[in-house]
Student: 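Okay, here's the structure, questions in a sec.
Everything quoted here is computed from the prediction, not taken from an experiment.
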Amino acid sequence: MGASLKKQAVTLTLANAYTRALGFALRLTSARLMGAEAMGVMELASSAVMLAITPVTAGIPTAMSRLTALRGADQPSVLRAGLALVKHLSLLLIPAMLLLSPAMAWLLGDWRTLPSILASAPTLLLLGLCAVYSGWFYGRSDARTPALNECAEQTVRCLLSLALLLWLAGRSVALTAALPGIAEIAAGAAVWYLFRRNTPPLSPSRPDPRLTSELMHLSAPTTASRLCQTALRTLNAVLLPVCLRRSGLSQTAATAQFGLLNGMAMPLLMLPGIVTGAICMVAAPAVSRQEDNPGRLRITMRLLLLSAAAIGAAAMLLLYLCAAPLSEHLYGEPALTPLLKLMCPAALLMSLQQIQFGLITGLGLQRKALCATIVTSILSLLLTALLCPLPQLRLYGSAIAMLAASLIRVIWNQVLLSRAAHR
């Protein structure tokens with residue numbers, strides 16, 4: 001990797017380390033303050049909220065970074081177009097979310113998720129605007145500004161979440177589960193203000209419709225891919241508790257098991273993203289600039305993928321060896337140990353997927369990668385529906401389904417990248 005790319009990756013890695021450490025500490029503290037049942041309700045609601053915010057956060061940052069990197073002197077026009085696009089989308093999505101929130105809670109099978117869904121509606125606009133600014137700064141090879149703002153956002157979110165949980169401890173499960181979403185509104189507003197303060201003033205001219213159209217074109221495949229993944233998570237949130245109840249568990253036990261998987265195991269498996277997520281964000285614009293130099297492009301791709309493999313393999317080994325101490329001492333949940341040992345290969349697979357995503361975005365191959373996302377999402381749902389109702393598997397069936405889908409997606413994406421590199 002070039003010196004500039006390494007510098008940006010190091011900057012983002014340090015920021016990610018700070019934000020992930022705070023987020024992980026928040027998860028641990030929340031798990032103890034909220035309990036597994038409230039964590040399960042929060043994760044159920046989060047699956048629906050993430051589906052709602054995907055159109056304004058998924059493909060826009062990478063599309064903004066790619067278009068900003070290619071436009072040179074016309075970068076302010078790109079920012080103006082991106083902000084206008086998010087505002088128009090939010091005017092449609094926020095009312096739709098508010099109107100459909102009862103249906104979402106009904107589909108999730110737990111009415112206690114309704115306060116969490118309603119409290120998260122304002123974040124659609126705030127997070128969408130922040131996504132536009134982040135992508136714009138990345139495209140200008142400025143990783144420092146979004147990194148510092150992300151640290152500020154996480155600090156506000158964690159402090160306010162803990163304050164609310166301590167203040168309102170012992171209240172209903174529905175209210176407890178909604179408190180982190182309320183904290184996210186304040187955090188989103190704070191980081192939006194910081195981005196605006198660090199951005200040069202924009203002229204009051206109208207956004208260029210051609211740039212808006214180009215942004216939509218660039219972001220559409222990534223957004224569609226992320227929608228498939230998020231829809232999978234939402235469907236899993238609906239399907240998994242039902243399957244667990246079919247296996248013989250009560251609704252309370254099934255919700256707690258869902259919290260065990262999504263609220264406790266997944267944050268540990270995603271820890272390598274501290275580094276690979278940073279590399280992914282700076283890889284997309286860097287690869288875009290090297291499209292006219294195939295030899296250099298292949299070297300950069302190889303180094304990035306090897307880095308991801310090394311980071312993911314180390315995390316996989318550590319999680320396997322430390323599964324028992326992490327489960328018993330951090331979460332106080334010994335039942336988490338066998339689940340972590342089974343799922344630890346996901347740390348390697350998710351690390352590779354993140355870097356592959358950055359490379360695919362930088363090369364403009366999102367449409368070709370979308371097919372893999374759709375196929376593996378359907379496969380994961382089918383395996384979950386088949387395996388989870390079995391009393392001898394239950395939660396482990398969902399883990400097996402996720403690992404199988406991730407492995408196929410990694411292989412598919414690597415074939416796609418190999419063909420593009422030797423074309």
Student: Between Thr62 and Gly59 (side chain of the first, backbone of the second, donor and acceptor by atom type, cut-off under 3.5 Å), is there such a pair?
Tutor: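 Present.
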
Student: With sequence neighbours excluded, what pairs up with Leu403 under the side chain to side chain contact (heavy atoms under 4.5 Å, CB included) test?
Tutor: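 Partners of Leu403 by the side chain to side chain contact (heavy atoms under 4.5 Å, CB included) criterion, ordered by chain and then number, come out as Pro345, Ala346, Leu349.
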
Student: Rounded to the nearest 0.5 Å, what separation is found between the CG atom of Leu269 and the CE atom of Met350?
Tutor: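 So the gap between those two atoms works out to 5.0 Å.
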
Student: Any salt bridge between Asp208 and Arg210, counting N to O under 4.0 Å?
Tutor: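 Answer for the salt bridge query: yes.
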
Student: Using a 3.5 Å distance criterion without hydrogens, assess whether the side chain of Ser213 forms a donor-acceptor pair with backbone atoms of Pro209.
Tutor: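 Looks like no, no N/O pair under 3.5 Å.
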
Student: Please give me the minimum heavy-atom distance between Phe137 and Asn198, naming the atom from each residue.
Tutor: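 Closest pair (atom of Phe137, atom of Asn198, distance): CZ-O, 3.6 Å.
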
Student: Who pairs with Arg157 by salt bridge (Lys or Arg N to Asp or Glu O under 4.0 Å), at least two apart in sequence or on another chain?
Tutor: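 For Arg157 the salt bridge (Lys or Arg N to Asp or Glu O under 4.0 Å) partners, ignoring immediate neighbours, are Glu184.
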
Student: Which distance, rounded to the nearest 0.5 Å, do you find between the OG of Ser219 and the CD1 of Ile60?
Tutor: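 Those atoms lie 5.5 Å apart.
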
Student: Measure the spacing between CD1 of Ile355 and CD1 of Ile311 and express it to the nearest 0.5 Å.
Tutor: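 The CD1 atom of Ile355 sits 7.0 Å away from the CD1 atom of Ile311.
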
Student: Are any side-chain N or O atoms of Ser46 and backbone N or O atoms of Met42, one a donor and one an acceptor, separated by less than 3.5 Å?
Tutor: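 No; zero donor-acceptor contacts below 3.5 Å.
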
Student: Spell out, as yes or no, whether a donor-acceptor pair under 3.5 Å connects the side chain of Ser101 to the backbone of Leu98.
Tutor: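 Present.
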
Student: Determine whether the side chains of Arg394 and Gln257 contain a donor N or O and an acceptor N or O closer than 3.5 Å.
Tutor: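 Judged by distance alone, the side chains do not pair up.
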
Student: For the residue pair Thr19 and Gln154, confirm or rule out a side-chain donor-acceptor distance under 3.5 Å.
Tutor: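 Side chains of Thr19 and Gln154: no pair found under 3.5 Å.
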
Student: Can you list the residues that meet the side chain to side chain contact (heavy atoms under 4.5 Å, CB included) rule with Pro55, with sequence neighbours excluded?
Tutor: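 Pro55 satisfies side chain to side chain contact (heavy atoms under 4.5 Å, CB included) with Leu93, Leu227 once adjacent residues are dropped.
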
Student: Using a strict cut-off of less than 4.0 Å between a Lys/Arg side-chain nitrogen and an Asp/Glu carboxylate oxygen, indicate whether Asp110 and Arg112 qualify as a salt bridge.
Tutor: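 Between Arg112 and Asp110 there is a salt bridge, with a charged N closer than 4.0 Å to a carboxylate O.
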
Student: Tell me every residue that passes side chain to side chain contact (heavy atoms under 4.5 Å, CB included) with Ala323, counting only those two or more places apart in sequence or in another chain.
Tutor: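 For Ala323, the residues satisfying side chain to side chain contact (heavy atoms under 4.5 Å, CB included) (neighbours in sequence not counted) are Thr337, Leu340, Lys341.
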
Student: Looking at residues at least two apart in the chain, or sitting in another chain, which of them share a side chain to side chain contact (heavy atoms under 4.5 Å, CB included) with Ala105?
Tutor: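 If we apply the side chain to side chain contact (heavy atoms under 4.5 Å, CB included) test to Ala105, skipping adjacent residues, the hits are Trp111, Thr113, Leu114.
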
Student: How would you list, by chain and number, every residue that makes a salt bridge (Lys or Arg N to Asp or Glu O under 4.0 Å) with Arg197, sequence neighbours excluded?
Tutor: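 Partners of Arg197 by the salt bridge (Lys or Arg N to Asp or Glu O under 4.0 Å) criterion come out as none, since no residue qualifies.
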
Student: What's the spacing between Leu194 CG and Glu150 CD if we round to 0.5 Å?
Tutor: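 These two atoms lie 12.5 Å from each other.
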
